Peer 1: 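Got a structure here, written out as structure tokens. Questions coming.
The sequence lines fix the lettering, A, B, ..., with proteins before strands; numbering per chain opens at 1. Note that the structure is predicted; figures quoted are calculated from it, not measured.
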Amino acid sequence: MLRIYNTLTGKKEPFEPLAPKTVRMYVCGVTVYDYCHIGHARSALVFDVIRRYLESSKYRVEFVKNFTDVDDKIIKRANEQGVACEAITTKYIDAYHEDMGKLGVRPASIEPKATEHIADIIELAKMLLAKGLAYQVDGDVYFDVAKYPEYGRLSKRRLDDLQAGARVDVDERKRDPMDFALWKSAKPGEPAWPSPWGQGRPGWHIECSAMSMKHLGETFDIHGGGMDLIFPHHENEIAQSCGATGKEFARYWIHNGFVQINKEKMSKSLGNFFTIREIFEKSEWPEDITGEILRYFLLSTHYHGPLDFSDQALNEAKNTLNGFYDLLVTRLAEPDQNSSTDRELGGAVERCKLAFQAAMDDDFNTTGALAAFQGLKTDINKLLSKGLSTEARKIARQAFRTIGNVLGLFQLDKWQFSSTSKITAFKEVSVSESLSAGMEESAAVLKSEQLPDTEIEAKIAERAEAKKKKDFKRADAIRKELNALGITIEDKPDGTSRWKR
RNA sequence: GGCGCCGUACCCAAGUGGUAAGGGAGCAGUCUGCAAAACUGCGAUGCGGCGGUUCGAACCCGCCCGGCGCCUCCA
């Protein structure tokens, strides 16, 4: 039985969707005015995994994730560059898909844009005005928070406690400082749509209410996003949605914690952020391996807590994955006639499945889920040493692939083990540096990539000959030579050797 | 001023009442010509501090200390 921590109630609750075997879920995406950073990646990944787990639990998941494509920051960016807003939003929506794709984040079932739902937004605002929950000032429409008595139930705040104007000037035209705009009148040079209140554009919060209700119905199951959206964004969504329909809006609210740098929130305003593409660019690993490392790193902490980003953390994730992929692409790929432990494999896989499911059922505890894979890894390594047939090895490999698919891990067929490469997101690489010191560091991997397998095999054969003749000096020299190229040789008990980059 | 999150071994990190998962690093052993990998063992009598509730607390309550976040836009 799946249990989810619900921000609305502050408790872990059993999850029961409104309609049997169907989950309707809405996640707040990004405002598309710049490249995404690793914090956006965490959020996208967390909900991607939640979606995958629900699907693997035999739910049909209707997953809506929006793009905010009308906003002050977009307008500012467009004006700076002297281009239309659409040029900005199109560019960064494409970049979003590209970056998230590298992380293995699947597109949502529906990815609506605010600008494509202006009519729905206007309808919602009209409804709120008609119900007396909103009011008009000049060409603006504001939600009247005083008319929604439950305002603050998500963020656990009371209106009286909020320090209005603490950090921003209060608009004197509003009845309450907490009232928020549903519709903003157009200023010159801004994108605008006709409305009953004149030319204008939607406020930020209303698009999510309009789009979620349009695509998922007035009441749906899960609404998610980053912690920073709890107030005011999600609070306001609840107020205007419930105010308009008189029904409950989203039933389970899920919020992911922040990615931090040195214990501080990663954010644009602090300037302490790393974009996803920047990390891929600075990584010395191939793209698919870097993606796997990032994914493992982001899932190694429970989604609700903070997660500190550092080169060390990334490289630890790499080391851990080395252990998995050594098993998956090296040891399990070796043929064997000995089937003496084949019948024990099923039990090991079953144990992993159960442990995995128990962890994921407990509020999507991906940390525990990864521990389940560690258990399977250890079990299979033991079986291998006692004898596991080629056929059983394929089954073992498939188990990792199948269960791992829920986390989007363990799908790669190739891996690089070399310990000379790194991810150094923090290192500022200048051109001259990369030509000297930086190059040296990654030189081994570059060389090993260029070296054809056949040449390596030839060297290995030569070394085997030397070993046979007890010419260990020669054998060690060859090993050292290959090692300098980032290739590790492992001798097996039968006198043959395996190698890996 | 209000609300909230976090503080578990060298590092990362699960665990929300029943006696501390897992990983990384390290050390020792098995294996090996050596090495690597794998496997085995070692590693917090203690979970920021002090009290309290309980047969029993990392987990509940109170106070305190430290770090962070939100109350502008923010995943």
Peer 1: Is it the case that the ring center of Y33(A) lies less than 6.0 angstrom away from the ring center of Y92(A)?
Peer 2: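 Ring centroids of Y92(A) and Y33(A) are no less than 6.0 Å from each other.
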Peer 1: Check whether any side-chain nitrogen or oxygen of N319(A) sits under 4.0 Å from OP1 or OP2 of G23(B), and answer yes or no.
Peer 2: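 Negative; the distance criterion is not met.
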Peer 1: When we call it a touch if two heavy atoms are under 4.0 Å apart, what does F258(A) touch: a base, just sugar-phosphate, or nothing?
Peer 2: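 The answer is base, as F258(A) lies within the cut-off (heavy atoms under 4.0 Å) of a base atom.
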Peer 1: Within the distance-only criterion (no hydrogens, no angle test), does the side chain of T341(A) pair as donor or acceptor with the backbone N or O of E344(A) below 3.5 angstrom?
Peer 2: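 The answer is no, because no donor-acceptor pair under 3.5 Å joins these two groups.
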Peer 1: Expressed as a whole number of Å, how far does the P atom of G66(B) sit from that of G49(B)?
Peer 2: 15 Å
Peer 1: Checking Y142(A) against R173(A): is there a side-chain donor and acceptor pair closer than 3.5 Å?
Peer 2: yes
Peer 1: In whole angstrom, what separates K422(A)'s NZ from G24(B)'s P?
Peer 2: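 To the nearest whole Å, that distance equals 19 Å.
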Peer 1: Over 60° means perpendicular and under 30° means parallel, so tell me whether H233(A) and H205(A) are parallel, tilted or perpendicular.
Peer 2: tilted
Peer 1: What integer number of Å spans the P atoms of G15(B) and G48(B)?
Peer 2: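 Per the computed distance, 15 Å lies between those P atoms.
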Peer 1: Is a donor-acceptor pair below 3.5 Å formed from side chain R42(A) to base A75(B), judging by atom type as modelled?
Peer 2: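 In this structure, the two groups form no donor-acceptor pair.
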Peer 1: Would you state whether a donor and an acceptor, one from the side chain of R158(A) and one from the base of C3(B), lie under 3.5 Å apart?
Peer 2: no
Peer 1: Does C39(B) have OP1 or OP2 sitting under 4.0 Å from an N or O in the side chain of N381(A)?
Peer 2: yes
Peer 1: Just call it for G257(A): base, sugar-phosphate, or nothing, with non-hydrogen atoms closer than 4.0 Å on any strand.
Peer 2: base
Peer 1: Categorize K73(A) for me: base, sugar-phosphate, or nothing, with a 4.0 angstrom heavy-atom threshold over every strand shown.
Peer 2: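 Result for K73(A) = sugar-phosphate.
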Peer 1: Provide, to the nearest angstrom, the distance between the CG atom belonging to N315(A) and the P atom belonging to C12(B).
Peer 2: 15 Å
Peer 1: Would you mind reading off the distance between K318(A) atom NZ and C11(B) atom C1', rounded to a whole angstrom?
Peer 2: 19 Å
Peer 1: Using modelled atom types only, decide if a donor and an acceptor are shared between the side chain of E13(A) and the backbone of I4(A) within a distance under 3.5 Å.
Peer 2: no
Peer 1: Between A14(B), A21(B), U16(B), which nucleotide gets closest to the side-chain atoms of H302(A)?
Peer 2: A14(B)
Peer 1: Pick the closest RNA chain B nucleotide for K268(A) and for H304(A) by heavy atoms, then say which residue is nearer the 5' end.
Peer 2: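 Final value for this comparison: H304(A).
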Peer 1: Is there a donor on the side chain of Q374(A) or the base of G23(B) sitting less than 3.5 Å from an acceptor on the other?
Peer 2: no
Peer 1: Hey, what's the ring geometry for H255(A) with W253(A), parallel, tilted or perpendicular (30° and 60° as the breaks)?
Peer 2: parallel
Peer 1: Please classify the nucleic acid contact of G39(A) as base, sugar-phosphate, or nothing, using heavy-atom distances under 4.0 Å.
Peer 2: base
Peer 1: Between the base of C34(B) and the side chain of D491(A), is there a donor and acceptor pair under 3.5 angstrom?
Peer 2: yes
Peer 1: May I ask you to say whether E292(A) pairs ionically with R295(A), meaning some side-chain N is under 4.0 Å from a carboxylate O?
Peer 2: no
Peer 1: Could you point out which residue of V70(A), T115(A), I75(A), V32(A) forms a side-chain contact (heavy atoms from CB on, under 4.5 Å) with C85(A)?
Peer 2: I75(A)
Peer 1: Can you tell me if K382(A) touches the phosphate of U40(B), counting only side-chain N or O atoms and a distance under 4.0 Å to OP1 or OP2?
Peer 2: yes
Peer 1: Just call it for T330(A): base, sugar-phosphate, or nothing, with non-hydrogen atoms closer than 4.0 Å on any strand.
Peer 2: nothing
Peer 1: So what does D476(A) hit on the nucleic acid, given a heavy-atom distance under 4.0 Å: a base, only sugar-phosphate, or nothing?
Peer 2: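 Base contact.
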Peer 1: My validator wants the stems of RNA chain B: runs of 3 or more consecutive Watson-Crick or G-U pairs, both distances under 3.5 Å, written as range with range.
Peer 2: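 Only these stems qualify: B:1-7 with B:65-71, B:10-12 with B:22-24, B:26-30 with B:38-42, B:48-52 with B:60-64.
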Peer 1: Could you check whether N256(A) gets within reach of a base, just the sugar-phosphate, or nothing at all, counting any heavy atom under 4.0 Å?
Peer 2: base
Peer 1: Under 30°, 30 to 60°, or over 60°: which ring-plane class applies to H223(A) and F249(A), parallel, tilted or perpendicular?
Peer 2: tilted
Peer 1: Whole-Å distance between A14(B) P and D363(A) CG?
Peer 2: 12 Å
Peer 1: The side chain of R331(A) lies closest to which of these nucleotides: A38(B), C71(B), U40(B)?
Peer 2: A38(B)
Peer 1: Mapping R498(A) and L229(A) onto RNA chain B by nearest heavy atom, which one lands closer to the 5' end?
Peer 2: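 On the 5' side of the pair lies R498(A).
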Peer 1: Which part of the nucleic acid, if any, lies within reach of R463(A) when heavy atoms closer than 4.0 Å are counted: base, sugar-phosphate only, or nothing?
Peer 2: base
Peer 1: Is any side-chain N or O of K265(A) closer than 4.0 Å to OP1 or OP2 of A75(B)?
Peer 2: no
Peer 1: Provide, to the nearest angstrom, the distance between the OH atom belonging to Y325(A) and the C1' atom belonging to G24(B).
Peer 2: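 In whole Å, G24(B) C1' and Y325(A) OH are 18 Å from each other.
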Peer 1: Heavy atoms only, 4.0 Å cut-off, all strands: where does T367(A) land among base, sugar-phosphate and nothing?
Peer 2: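 Contact class for T367(A): base.
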Peer 1: With a 3.5 Å cut-off and just heavy-atom distances, do the side chain of N365(A) and the base of G15(B) make a donor-acceptor pair?
Peer 2: no
